[in-house]
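Everything on this sheet refers to the single structure shown next.
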Amino acid sequence: MTGSNVAVLAFECPLSERARTWLRLEELFGRTRVYSARRDSIDHRSALLSLFDIVDTASRSDLKTDLLQELDRQRSLWSTQLDNPEVAREALAEFLADMDAVIHDLHGQIGKIGQHLRESEWLQAVRQRATSPGGACSFELPMLHSWLQRGEFERRDALKHWLDPLAPLEEAVLLVLRLLRESGQTTAETAHQGNFHRALTSSRPPLLARIEVDTGHAVVPEVSANKYTVNVRFLEHPGQFQNGGRATVTSRSIPFRVALCAL
């Protein structure tokens, strides 16, 4: 909410495949933890299926290496600020210690991400069936059906057992995204006739565009970028979403706020 009580809708638009993967993992981890904390078996079923989505998303061979390289680079950059008299040294030292812990835990994650889930025959059966529509029904997977009939706390313990080995990856993704988000400087802009362009002058290309727009404008942003410019255009729907139809670029001028985030 803004000071004038106008509702604001925030969008995060990844501008690279790296940022896209990090955002997907952040959402999947959050979804899994929400479902795991609930009591009903249907929520625990959703948590289990979200776990498989995490493993599939994290299957890119260079994900762990990429995260470690970025965290090491960020640690080196922040360490140079320890002697800066304008920086709160104690707070920075604590932040660097937290970063060291994340790097250490990720280094300690041996083997393929999610290997412990792959080693369970019945979990693999659930994972394979879940890829087809309705494939995880009780009659298709009696072992899953049996597990879902167990007590709430037993199911929660099992989900914790499966999720805990993925915690180093989650911590690393959340830290990198925190650093990425905090890197952006937010400015107020206007998209004339729904279009906005900004030339890029930095040697570091943005990985993420964060956009805020008042909900009253009833538009959503579409963002694209290359090494020279970032382009934003705002789309509006011709009617209510349930009525169908194609979204088109608005002809109105849309005020919005944008932050281009780079590491």
Pairwise distance CZ(R38) to CG(L159) - rounded to 0.5 angstrom: 13.0 Å

Connected via hydrophobic side-chain network under 4.5 Å: L28 and L23: yes

Pairs touching residues 45-54 that satisfy side-chain hydrogen bond (donor to acceptor under 3.5 Å, both in side chains), sequence neighbours left out: none

For R129, side-chain contact (heavy atoms from CB on, under 4.5 Å) partners two or more places apart: E140, L141

T21 OG1 to L25 CG distance, which is reported to the nearest 0.5 Å: 6.5 Å

Note, E26 side chain near L174 side chain (heavy atom, < 4.5 Å): yes

Shortest non-hydrogen contact from V249 toward G194: CG1-O, 4.2 Å

D83 atom CG, neighbour heavy-atom count above 12 within 6.0 Å: no

Where T229 and A199 come nearest, the two heavy atoms and their spacing: OG1-N, 4.1 Å

Side chains of T250 and R252, donor plus acceptor under 3.5 Å: yes

Over all atoms of both residues, closest heavy-atom pair of D105 and E171: OD2-OE1, 3.5 Å

Within-4.5 Å side-chain heavy-atom neighbours: R33 and L163: yes

Minimum heavy-atom distance between T80 and S76, given as atom pair plus value: CG2-O, 3.3 Å

For residues 114-122, which side-chain N or O atoms pair as donor and acceptor with protein atoms under 3.5 Å away, sequence neighbours left out?
unit_1: H116; atom_1: NE2; unit_2: W162; atom_2: O; d: 2.7
unit_1: R118; atom_1: NH1; unit_2: I113; atom_2: O; d: 2.6
unit_1: S120; atom_1: OG; unit_2: L123; atom_2: N; d: 3.3

For V213 against P255, the heavy-atom pair lying closest together: CG2-O, 3.9 Å

Check: E86 main-chain N/O paired with N84 side-chain donor or acceptor under 3.5 Å: yes

Qualifying ring-ring contact (aromatic ring centres under 6.0 Å, His included) pairs, either residue in residues 54-78, two or more places apart: W78-F95

Pairs where residues 90-101 contributes a residue and the test salt bridge (Lys or Arg N to Asp or Glu O under 4.0 Å) is met, not counting sequence neighbours: R75-D100

All pairs passing salt bridge (Lys or Arg N to Asp or Glu O under 4.0 Å) where residues 151-160 contributes a residue, at least two apart: R39-E152, R150-E154, E152-R156, K160-D164

Inter-residue atom distance R89.CZ - L82.CG, 0.5 Å rounding: 5.0 Å

Partner set under side-chain contact (heavy atoms from CB on, under 4.5 Å) for L77, not counting sequence neighbours: R73, Q74

Connected via hydrophobic side-chain network under 4.5 Å: W22 and F11: no

Main-chain N/O of V87 paired to Q81 side chain as donor or acceptor, under 3.5 Å: no

Where V102 and A172 come nearest, the two heavy atoms and their spacing: CG1-CA, 3.6 Å

4.5 Å side-chain heavy-atom contact, I211 and V232: yes

From OG1 (T57) to CZ (F52), nearest 0.5 Å: 13.0 Å

side-chain contact (heavy atoms from CB on, under 4.5 Å) partners for R210, two or more places apart: E12, R181, L208, A259, C261

Residues that D40 engages under side-chain contact (heavy atoms from CB on, under 4.5 Å), provided they are two or more places apart: I42, D43

Flag if over 12 foreign heavy atoms under 6.0 Å of CD, Q193: no

Over 12 foreign heavy atoms within 6.0 Å of CD, Q149: yes

Salt bridge (Lys or Arg N to Asp or Glu O under 4.0 Å): pairs with one or both residues in residues 253-263, sequence neighbours excluded: E212-R257

Heavy-atom check, side chain of F139 versus side chain of H145, under 4.5 Å: no

Pairs meeting criterion salt bridge (Lys or Arg N to Asp or Glu O under 4.0 Å) with involvement of residues 189-203, two or more places apart: E189-R198

Point-to-point distance, once rounded to the nearest 0.5 Å, from CG of L260 to CG of L207: 10.5 Å

Side chain to side chain, L235 and T248, heavy atoms closer than 4.5 Å: no

Separation between CG of L48 and CG of L148, rounded to the nearest 0.5 Å: 8.0 Å

Of all pairs that satisfy ring-ring contact (aromatic ring centres under 6.0 Å, His included), the ones with a partner from residues 182-225, not counting sequence neighbours: F196-F256

Donor-acceptor pair between D72 and Q69 side chains, under 3.5 angstrom: no

